[in-house]
Amino acid sequence: MKGRPKGLAPEVEARPAVLKVRGLTQFFGNLRAVYDFNLTLHEGELVGLIGPNGAGKTTVFNLITGVYHPTEGSIHFQGVDLVGLPSYEIIQMGIARTFQNIRLFSDLTVLDNVLIAYHPHAGYSLLDSFLRNKRFQQKEAEMMAQAQDFLAIFGLDQRQNDIAGSLPYGLQRRLEIARALATRPQLLILDEPAAGMNPQEIDQLMELIHFIRDRFNLTILLVEHRMRLVMNICEWMTVVDFGEVIARGQPAEVQNNGQVIEAYLGRQTVDLK
Amino acid sequence: MLNRLKSSTGYFVLGSLAIFLVVQILLSTEILNNFWRGIIFWGAAITMVTLGLNLIFGFNGQFSLGQYGFYAIGAYGAADVTYRWVHDDPSGIVVVLSGILLSLLLYALVSTFLRRFHGITVMTKFSAYLLVTILAFWLAVQLLLPVLGPVTGTLLGALPEVVSQQIVFFIALVGGAGLAGITSFLFGIPVLELGSDYFGIATLGFTIIIKVLLDNTDTILPFPEMKGARGMIGIPQWTTWPWVFGTFMFVVMVMRNLLHSSSGRTILAVREDERAAELVGIDVNWAKILPFVMGSIFAGLAGGIRAHDMAFLHPQSFNFIQSFNPLIIVVFGGLGSMTGTILTGFIWIFLLEGLLRLYLPPGFETWRFVVYPLILLLMMLLRPEGLFEKYELPFLRRPLLPLRKKVTPKELEEVA
């Protein structure tokens, strides 16, 4: 990559890097899923990761969040090396993610879904919960109130006692994002947040993404197929194909990049003129 | 203080007190004879075992056939403590108690030590904890027993027998449950990493191992008093209704409080979606080990209660066929319903071992085992979600937070 993409506001450049991925490589047997992948995210950026199906986007996410451990390469988050850490520790350090196909705790209530994400910050021990002492009562009440505030931000507070699986699709997405944010992240990774949404829901989603970025001071990395969403909200993007980065830049640049068009549509073999 | 108690709590406390008193009166006046006394105690024991299984399978989603193994460990462990005490040997008390306490202490040290490293394999972890456990019990036998043995003997001997007997029984119950807990912890570290089905097979193997070991307690294990496959006799019959009721309520309360806490929510989360739970920052291994150990402790407690009621233990009553009983009860009552388990557990023993045994014509007793698979089949066809589905008594139900009044966006900004 030749320097930073053009046209970025200088103050973004000056901000400290949140996530630095260097030379990330992942093999599944002989299949090369990701090869020499580099990415730097600065505080407050909103970056898209796009590429055709099977290009290795989700694998990158899984590598960052410790679901897989990379064959090679390094991932630094706020200066700490993440390689080899278990997922839950990575999440507790401040990276949150959503899933391509929604994975809520669907038999539990909306409120429980958020409360589960609060667990590392519960502030009382197992013994406290057996004894039901004052500390337990107090911390539990605090958690509940916080979770309710939180749901209110996402307009889900009136449905807190609904079973999560019974919510309409758009709200389930919303809840999944809310649950991810309840882990108090600095970096949010969204895996195809617009999958299965209609245009109107996508508009709402774009609003939501902008809103949460400002509200929670987040850095956001997202994978998406819907070009409308990506082109509209991402500041710059990285395009991968067959596990390799093939282009970087602002949406408009990427859109006209020959390699990208080739990756999505195939090579032009016959000159039709 | 009193007005702060919720009405559901009040009803629950009053209801259980009433049950306690009624049964106590019926037992004291001998309206319920020894046969029915045995049925009630047995029902309570089975229900405790099954509550443990419900915690593991129903609430945490880990299919386990190991409950009877832990039940056996609790039974034999507790029985050995009291048996030795009755034969003027306090070694059971000292070794079991100090061994468990030492192990817990060393576990705390090991876990803080292991936390410094990343990427430790399961087997390393397992070996570390296993070694530490062996060390703890070795220390208990070699170092602590010669010192504490005589001391414990004289101290307890100085008390009137009624008192010392209760204390020893208490220690025996705690010891049996503790042994079951420690075993399940060690067993759970490597095995809970497997998926639910594989875990089920592994726990089945565990039950078989325990049964085989119990068959050979006098030959390959150093416990001649357990008498191997001939069955252990001479266990003091100390289980009384207050003890049964006390342990039963303890199990119910601990389980309820656990499930209603933040850790309880992580247990449910693991059942719903393990991967998602891990990716909202939950230590999934811990969220699986915790209910597994708790459930095994419940089984161990039940074992102690049962052993001191029957006064006779035989390895055959802990074979793997038996280990399907709690599984059947838990599915019958409804996975994830404490109320269902409690009622079904008692009804199960009451019907199978009580009514049918008494009222089927002689020679037809064995028909019980034709009747109940039939009921089971019908049940699975007609109501696969279990008798009580997810129903809970109000006291056992996880409370729903009342909705707040709708907040306007402006007020929201103030919250922020």
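On a predicted model such as this, the values are computed, not experimentally measured, just so you know. Each chain gets a letter, A, B and so on, in the order the sequences are listed, and its residues count up from 1.
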[Y] and [X] side chains, donor-acceptor separation under 3.5 Å:
X: B/Asn60; Y: B/Arg271; answer: no
X: B/Thr266; Y: B/Ser263; answer: no
X: B/Thr341; Y: B/Asn54; answer: yes

Side chain, backbone, both or neither: which part of [X] has a heavy atom under 4.5 Å from chain B?
X: A/Phe99; value: side chain
X: A/Ile116; value: both
X: A/Thr65; value: both
X: A/Ala117; value: both
X: A/Phe136; value: side chain
X: A/Glu140; value: side chain
X: A/Thr109; value: side chain
X: A/Met143; value: side chain

With a 4.5 Å cut-off on heavy-atom pairs, point out which of [options] contacts chain B the most.
options: A/Gln148, A/Arg179, A/Met144; result: A/Gln148
options: A/Gln92, A/Gln160, A/Lys139, A/Glu176; result: A/Gln160
options: A/Ile91, A/Leu131, A/Leu126; result: A/Ile91

With heavy-atom distances below 4.5 Å as the criterion, would you say the side chains of B/Thr121 and B/Lys125 are in contact?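 In short, these two side chains do not touch, never coming nearer than 4.5 Å.
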Would you say the side chain of B/Leu51 lies within less than 4.5 Å of the side chain of B/Val252, judging by non-hydrogen atoms?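 Yes. Closest side-chain heavy atoms under 4.5 Å.
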In terms of heavy-atom proximity below 4.5 Å to chain A, should B/Met294 be classed as side chain, backbone, both, or neither?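 Only the side chain of B/Met294 comes within 4.5 Å of chain A.
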Atom CG in A/Leu222, atom CG in A/Leu188: separation rounded to 0.5 Å?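 Between atom CG of A/Leu222 and atom CG of A/Leu188 there are 9.0 Å.
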Pairwise distance CG(A/Leu24) to CZ(A/Arg22) - rounded to 0.5 angstrom: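 A/Leu24 CG to A/Arg22 CZ: 11.0 Å, rounded to 0.5 Å.
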Neighbour count >12 (heavy atoms, 6.0 Å) for atom CZ, A/Phe28: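 Yes, the 6.0 Å shell around CZ holds more than 12 heavy atoms from other groups.
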Among B/Ser262, B/Ala276, B/Ser261, which has the most heavy-atom pairs under 4.5 Å with chain A?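 Ranked by contacts with chain A, first place is B/Ser262.
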Between B/Glu392 and B/Arg398, does any side-chain N to carboxylate O distance fall below 4.0 Å?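 No, this pair does not count.
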